[in-house]
Number of protein chains: 2
Amino acid sequence: MNIGNAARQSGLPPKTIRYYEDIGLLTADRAANGYRDYSSEDVHRLRFVQRSRSLGFSVEECRQLLSLYTDRDRASSDVKAIATEKLGEIDRKIAELTGLRDMLGHLVENCHGDARPECPIIDGLAATTRQTA
Amino acid sequence: MNIGNAARQSGLPPKTIRYYEDIGLLTADRAANGYRDYSSEDVHRLRFVQRSRSLGFSVEECRQLLSLYTDRDRASSDVKAIATEKLGEIDRKIAELTGLRDMLGHLVENCHGDARPECPIIDGLAATTRQTA
DNA sequence: ATAGGAGCTCCAGCTACTGGAAGCTCAAGA
DNA sequence: TCTTGAGCTTCCAGTAGCTGGAGCTCCTAT
């Protein structure tokens, strides 16, 4: 199967698939004409990476997960450790963004948004002391 | 004031301040010895940028906000538009991360995390069909 | 035979810094 | 006065994870 086909089936752009090969994340056979040739097992792996990336795992983490995926003898605790760590990171990110949202939301709420130059948003950003709100 | 001092007062590393100068976001006077020389007004602007960045504005957005900050005649609606747009983005990011969290959290919950090789996380990532959840 | 679409490689650029090397300047201590 | 160390300067390179484009070949359909 050519790269375009593998791309459609995995949900990854061809460019990205080539890039993954470049960095040694996934390899592909080559046909006689030099085209990359993907088996359905390759496509599984591509989709595995696509899914992992979309779940917030870094490429390096995908590399680990992929080797755990391939290694049929690995313990589920190894995988759980990585996923749990990632879960904590996601929670931290959510908390951070939520704080951000509240602060910015408050500033926006208090801004008239009219033609006058007074603007609590600018004032909030400029505040020398800690955020008034 | 030297860059180290400005860095301490603005909460930005010296490297970052130099970088901002490089890309024309903020300029600084130079002392006779070639050292950058910051006024307290400069430090205000640095802090303004630091704050804006930490609130999730991109450097390009900071450039806009900075010019709105400097322009005492601008309408607050201009600022509000940018901030509101950013607020929407933050909300989208939070929603996305929350979905992610739920999916990953579910997978982690269902993983024994022991020495056995069966692992719902790996299976979930590998699923050919839509996430069994 | 030819036109197009798809594949190939390689190079450059994106965001927002960060690290490091090589060299200059300044203030304090022996 | 000399030296030492910190702090400043510039410039170059690298980070993550792609993405775009140039210039080429290859395959398929008409």
Side-chain angles (χ1 to χ4, degrees), chain A residues 1-39 42-43 45-66 86 89-90 93 96-97 100, chain B residues 1-39 42-43 45-66 86 89-90 93 96-97 100:
Chain A
M1 173 192 321
N2 280 352
I3 198 170
N5 213 333
R8 265 184 301 281
Q9 286 187 48
S10 65
L12 289 167
K15 275 261 176 189
T16 302
I17 297 178
R18 291 194 197 100
Y19 168 72
Y20 286 163
E21 188 175 319
D22 245 34
I23 61 170
L25 186 60
L26 298 150
T27 53
D29 287 346
R30 293 294 176 131
N33 59 10
Y35 284 18
R36 288 174 182 78
D37 185 25
Y38 296 88
S39 68
D42 290 331
V43 172
R45 258 189 281 271
L46 283 170
R47 203 200 316 265
F48 181 93
V49 170
Q50 187 277 324
R51 222 175 254 280
S52 305
R53 289 286 300 127
S54 81
L55 275 174
F57 292 96
S58 72
V59 168
E60 278 320 299
E61 285 163 337
C62 287
R63 210 187 287 273
Q64 286 176 61
L65 287 171
L66 212 46
K86 187 52 44 179
E89 265 173 49
I90 293 172
K93 254 185 213 161
E96 193 184 326
L97 278 176
L100 231 158
Chain B
M1 174 194 317
N2 280 352
I3 197 170
N5 214 333
R8 264 183 302 280
Q9 285 186 48
S10 65
L12 289 168
K15 275 259 173 188
T16 302
I17 297 177
R18 290 195 198 99
Y19 169 72
Y20 286 162
E21 189 174 319
D22 244 34
I23 62 171
L25 186 60
L26 298 150
T27 55
D29 288 344
R30 293 294 176 130
N33 60 9
Y35 284 20
R36 288 173 181 80
D37 186 25
Y38 296 87
S39 68
D42 290 333
V43 171
R45 257 190 280 272
L46 284 170
R47 204 199 316 262
F48 181 93
V49 171
Q50 188 275 324
R51 223 174 255 279
S52 305
R53 290 284 302 126
S54 80
L55 276 174
F57 292 96
S58 73
V59 167
E60 278 321 298
E61 284 164 338
C62 287
R63 210 187 288 272
Q64 287 176 61
L65 288 171
L66 213 45
K86 187 50 49 177
E89 266 172 51
I90 292 173
K93 252 185 216 165
E96 192 184 327
L97 277 175
L100 230 159

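Naming: A, B, ... by sequence-line order, numbering from 1 per chain.
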Nearest 0.5 Å, please: how far is CG in A:Asp42 from CD in A:Glu21?
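Spacing of CD (A:Glu21) from CG (A:Asp42) equals 9.5 Å.
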
Drop me the distance from A:Arg45's CZ to A:Ser10's OG, to the nearest 0.5 angstrom.
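These two atoms lie 13.0 Å from each other.
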
Grab the [atom1]-[atom2] distance between [X] and [N] for me, whole Å please.
X       : N      : atom1 : atom2 : result
A:Ile3  : D:dC26 : CD1   : C1'   : 15 Å
B:Glu21 : C:dC17 : CD    : C1'   : 16 Å
A:Leu46 : D:dC18 : CG    : P     : 12 Å
B:Leu25 : C:dC17 : CG    : C1'   : 13 Å
B:Ile23 : C:dC17 : CD1   : P     : 8 Å
B:Ile17 : D:dT9  : CD1   : C1'   : 15 Å
A:Asp22 : C:dC11 : CG    : P     : 11 Å
A:Tyr19 : C:dC14 : OH    : P     : 17 Å

If only side-chain N and O atoms of [X] are considered, is one of them under 4.0 Å from the OP1 or OP2 phosphate oxygen of [N]?
X       : N      : value
A:Arg30 : C:dT9  : yes
B:Thr16 : C:dA16 : no
A:Arg18 : C:dG7  : no
B:Tyr20 : C:dC17 : yes
B:Arg36 : C:dT25 : no
A:Asn33 : D:dC27 : yes

Check: B:Lys15 side chain, C:dG20 base, donor-acceptor under 3.5 Å:
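Side chain to base: pair present.
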
Can you see which heavy atom on B:Ala28 is nearest to which on B:Asp37, and at what distance?
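Of all heavy-atom pairs spanning B:Ala28 and B:Asp37, the closest is CB-O, 4.2 Å.
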
Test item: B:Leu66 and B:Leu25 side chains (from C-beta on) under 4.5 Å apart, heavy atoms
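Yes, their side chains come closer than 4.5 Å.
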
Please confirm whether the backbone N or O of B:Gln9 pairs with a side-chain atom of B:Arg47, one donor and one acceptor, at under 3.5 Å?
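Confirmed, B:Arg47 side chain pairs with B:Gln9 backbone.
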
B:Arg53 vs B:Ala32, nearer the 5' end of DNA chain C by closest nucleotide:
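Counting from the 5' end, the first nearest nucleotide belongs to B:Arg53.
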
Using heavy-atom distances to pick each residue's nearest nucleotide on DNA chain D, tell me which of A:Tyr35 and B:Pro14 is more 5'.
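Nearest nucleotide further toward 5': that of B:Pro14.
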
